[in-house]
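Heads up, the thing below is written out as structure tokens.
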Amino acid sequence: MKSENTPFRGGPLDGRSLPVLVGPIGHPPKWYEIPVPAHDGHPPTLHTYRREPSGYTKRLGLQRGWVYVYAPEGRERRELKWPWSKPAPRPNG
């Protein structure tokens, strides 16, 4: 598999570039998670990074590459919304 050196911004990996495996179309994953084991019985910490475009060229507006930006709130959870699905029940009614 191919890998690409991808820079990280913010969080514990700020300023580093790590090799990240790319998919079949050449993009790294949308989220990069780093588990950090804890000591003294505390729960482990999970640092998450979100993939964003690193910039665009001036002349043609082509994307230059990717960068991972620290997301302290964690990974966003999304629900699939199919046209035939029932709406989610509301809390008071």
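Along the sequence shown, the residues carry numbers beginning at 1. Keep in mind the model is a prediction, meaning the values are calculated, not measured.
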Tell me the closest heavy-atom pair linking Trp31 and Ala71, and the distance in Å.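 Shortest heavy-atom contact: CZ3-CB, 4.0 Å.
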
Which heavy atom of Val20 sits nearest to which heavy atom of Pro29, and what is that distance?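 Heavy-atom minimum between the residues: CG1-CD, 3.8 Å.
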
Please verify the inter-ring angle class for Tyr68 with Tyr32; under 30° counts as parallel, over 60° as perpendicular, anything in between as tilted.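 Tyr68 and Tyr32: tilted rings.
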
Backbone N/O of [Y] and side chain of [X]: donor-acceptor pair under 3.5 Å:
X     : Y     : value
Glu4  : Thr6  : no
Ser54 : Val67 : no
Ser3  : Pro19 : no

What pairs of residues pass the salt bridge (Lys or Arg N to Asp or Glu O under 4.0 Å) test when at least one of them lies in residues 57-73, not counting sequence neighbours?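 Checked against salt bridge (Lys or Arg N to Asp or Glu O under 4.0 Å) - neighbours excluded - the pairs reaching residues 57-73 are Arg50-Glu73.
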
Among residues two or more places apart or on two chains, list those pairs meeting salt bridge (Lys or Arg N to Asp or Glu O under 4.0 Å) that have a residue in residues 26-49.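 Listed once each, the pairs are Glu33-Arg75.
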
Is the shortest heavy-atom distance from the side chain of Glu52 to the side chain of Trp66 under 4.5 Å?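 Not in contact.
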
Should Pro44 and Pro35 count as side-chain neighbours, where that means a heavy-atom distance under 4.5 Å?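 Not in contact.
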
Common cluster, Ile34/Tyr70, ILVMFWY with side-chain heavy-atom separation under 4.5 Å: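 Ile34 clusters together with Tyr70.
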
What's the separation between atom OG1 in Thr57 and atom CD in Gln63, rounded to the nearest 0.5 Å?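 Between atom OG1 of Thr57 and atom CD of Gln63 there are 10.0 Å.
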
For Leu21 and Lys2, run side chain to side chain contact (heavy atoms under 4.5 Å, CB included): C-alpha distance rounded to whole Å, both residues' side-chain angles, the deciding distance at 0.1 Å, then the answer. CA-CA 6 Å; Leu21 292 175; Lys2 291 180 71 174; over 6 Å; no

Hey, do the aromatic rings of Tyr49 and Phe8 have their centres closer than 6.0 Å?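 Yes; Phe8 has its ring centre under 6.0 Å from that of Tyr49.
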
